[in-house]
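Heads up, the thing below is written out as C-alpha cells.
Naming: A, B, ... by sequence-line order, numbering from 1 per chain.
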Amino acid sequence: MSWVYIEELKDHIGEDVEIRGWLYNKRSSGKIHFLQLRDGTGFVQGVLEKSKVDEKIFEDAKRLKLESSIIVYGKVREDSRAPSGVEIDISDFKIVQIPVDDYPIGKKEHGIDFLMEHRHLWLRSKKQFHILHVRHEIIKAIREFYDSRRFVLIDTPIFTGAIGESAGNLFQVDYFDYGKAYLTQTGQLYLEAACMAFGRVYNFGPTFRAEKSKTRRHLTEFWMNEAEVAYYEHEDNMKLQEDLVSYVVQKTLERAEKHLMALERDTSKLEKVEPPFPRISYDEAIKLLQKKGFDIKWGDDIGGDEETAISDEFNKPVMVYNYPRHIKAFYMQPDPQRPEVVLCDDMLAPEGYGEIIGASQRIHDYNLLIERIKENNLPLEAYDWYLDLRKYGSVPHSGFGMGLERVVAWICGLKHIREAIPFARTLYRIHP
RNA sequence: UCCGGCCUAGCUCAACCGGUAGAGCAUCCGGCUGUUAACCGGAGGGUUGGGGGUUCGAGUCCCUCGGCCGGAGCCA
C-alpha cells in the first residue's frame with residue numbers, strides 16, 4: 001500500500017492507499033464512523049463500517065479525539081456526496097498519537113483573541129489552509145513576473161543604520177560596539193544602489209514599522225516587494241505596477257481557484273483586474289472627495305476613509321498620482337511642470353482594501369537631493385552612500401513597494417490583514 | 001498617543017430597573033448504518049478579569065489596575 005497525499009486521491013480511484021494525517025472532525029452512529037481527515041494538502045472523509053472491519057478496529061475508532069494523528073489504510077472511491085468527489089473506505093488505521101488534552105479549537109465559532117492566542121493550532125483550520133495557499137500562489141506569481149522580465153533579485157538588509165524615510169517608526173536593536181541599529185522599514189535606498197548596478201532589480205522580504213497603528217490594514221512586521229529600475233520614469237513605473245498587479249491577480253485566479261471558491265470570494269471582481277488601470281491625479285481626487293462631502297482641501301493627505309471613497313468609484317485598482325511635495329518623502333522627483341507636486345503614485349485596491357502600492361520617480365540630481373535632505377532636517381552624514389549614487393553616473397530611476405499582506409487580504413476578501421500572514425505581529429501581539 | 005467598546009462555564013454568548021447565574025458547543029455516559037458545524041437522551045462543569053467602594057443585597061452602579069477588540073493619525 002502506498003502513501004498518497006489527499007490532493008492526489010483522484011488519480012488513485014479504486015486503489016488501496018495509505019494516508020498520513022490528522023483527524024479534524026468525527027461523526028458517528030452506532031455502526032458507522034465518518035472520519036474527517038486532513039494531511040496538509042486537502043481534506044477527505046473516511047468511512048469506517050462496523051460490518052466490514054474487525055470489531056477491534058471499529059472500537060479503536062471510538063477512542064479517537066479531534067486532531068489525533070493517524071495513518072489510515074483504505075480504498076479510494078468516487079462519491080458524488082463528498083465535496084471533494086472522493087472518499088476512503090477505511091479498512092484499517094494506525095494511531096500515531098492521541099492528543100493528551102482536548103483540542104482547544106472547537107467546531108463552533110471563536111473570538112479573535114482566542115484564535116490569535118492559538119494561532120499555532122488555528123493554522124490547521126480550513127479557512128487558514130485556503131488563505132495561506134493563496135498567499136503561496138501570490139508569492140510565486142510575484143517572483144515569476146520579475147523573472148520573466150529579467151529583473152535581478154537583490155536581497156536588501158534587515159539590519160540598517162538610521163536610514164530610511166523617517167526615524168519615528170523604526171524598531172531599535174543593540175548592535176555590538178556600533179550602538180543602535182534598526183530593523184528595515186524599506187529596502188528602497190539599497191535597491192536604488194542596486195539598480196545602478198543591475199538595471200532592473202527587486203526585493204522581497206520582511207519589513208518592520210513601529211507605527212502605533214491599530215487598524216485592519218496594519219502589521220508591525222509585514223512582507224514587502226519592492227522594485228527599482230534605472231532609466232524608468234514616472235509613466236514607465238506606473239505601467240510596471242499595473243502589469244505586476246494584473247499578472248499576480250490573473251495567475252492566482254488560475255492556480256488557486258478552488259481556494260478562492262472555498263473562501264467564498266467573488267472572483268468575478270478579480271477577473272476585471274487587467275490593464276489599463278484608471279488613473280486620477282491628486283488634484284482630481286481632492287475635487288472628487290469634496291464633491292462627495294469630505295472636509296478636505298488641496299494639500300491635505302488622503303486618509304483611509306477617503307481612499308475607500310475614491311476606490312469605490314472604480315471596479316479595478318486605481319492609481320492616484322502626483323501628490324503635493326510637502327506630504328511625501330524627501331527623495332521624490334518634483335514634476336518639472338509643477339514643482340509643488342512630485343512624480344509619485346499610490347495604487348488603491350478596490351472594495352475598500354486601501355493602498356497596496358506606494359511609488360515614485362526618485363530625485364537623480366545631486367544638488368536637489370542635498371537640498372531636500374536639509375529641508376527635511378535629515379542628517380546629511382547618514383546619506384553619504386546614497387548621495388554617492390548621484391555623484392557617479394546618476395540617471396532617472398523609479399520604483400515602488402507593494403505590501404504583500406494587503407494584496408493577500410484583497411485577493412482573498414479578508415476583513416483583516418492578520419489572517420493574511422502565518423504569524424501576525426501587531427501592536428499588542430507577539431505571541432505565539 | 002488619542003477616542004470608543006468588551007471581559008460571565010474549556011469555547012461562543014444570555015441574564016429586564018441592582019433581587020437565588022443560564023443556553024448552545026466541547027467533555028463524560030447511553031442511543032442511532034450516510035453523517036456534512038450530524039442528530040437524540042442524561043450527567044458533571046462558575047471566586048462573573050484583579051483589587052477597592054456604594055448598598056440590606058452587585059455579573060449589573062462608582063473608582064482603579066490589567067487584558068483584548070474597533071477606529072483615528074501614519075503607512076504598504
By the 4.0 Å heavy-atom rule, please label [X] as base, sugar-phosphate, or nothing.
{"X": "A:T207", "answer": "nothing"}
{"X": "A:E87", "answer": "base"}
{"X": "A:L219", "answer": "base"}
{"X": "A:R77", "answer": "base"}

Distance test, side-chain N/O of [X] to OP1/OP2 of [N], below 4.0 Å:
{"X": "A:R418", "N": "B:rG70", "value": "yes"}
{"X": "A:R216", "N": "B:rG70", "value": "no"}
{"X": "A:H416", "N": "B:rC69", "value": "no"}

Taking [atom1] from [X] and [atom2] from [N], how many angstroms apart are they, rounded to a whole number?
{"X": "A:D113", "N": "B:rC6", "atom1": "CG", "atom2": "C1'", "value": "11 Å"}
{"X": "A:H33", "N": "B:rC32", "atom1": "NE2", "atom2": "P", "value": "12 Å"}
{"X": "A:E355", "N": "B:rC74", "atom1": "CD", "atom2": "P", "value": "12 Å"}
{"X": "A:E67", "N": "B:rC11", "atom1": "CD", "atom2": "P", "value": "18 Å"}
{"X": "A:K50", "N": "B:rG34", "atom1": "NZ", "atom2": "P", "value": "14 Å"}

Validate the cation-pi geometry between A:K26 and A:F34: distance from NZ or CZ to the six-membered ring centre under 6.0 Å, angle to the ring axis within 45°.
no
Is the charged tip of A:K328 near the ring of A:Y323: under 6.0 Å from the six-membered ring centre and within 45° of its axis?
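That pair qualifies as a cation-pi contact.
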For [N], the Watson-Crick or wobble counterpart (both distances under 3.5 Å):
{"N": "B:rG41", "result": "B:rC29"}
{"N": "B:rG24", "result": "B:rC11"}
{"N": "B:rC6", "result": "B:rG67"}

Considering only B:rC75, B:rU33, B:rU35, which nucleotide approaches the side chain of A:D301 most closely?
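For the A:D301 side chain, the nearest candidate turns out to be B:rC75.
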Take the angle between the ring planes of A:Y247 and A:F145 and call it parallel below 30°, perpendicular above 60°, tilted in between.
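Taking A:F145 first and then A:Y247, their aromatic rings sit tilted (interplane angle of 30° to 60°).
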Check this for me: A:E257, atom CD, are more than 12 non-hydrogen atoms of other residues, nucleotides or ligands nearer than 6.0 Å?
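Result for CD/A:E257: open.
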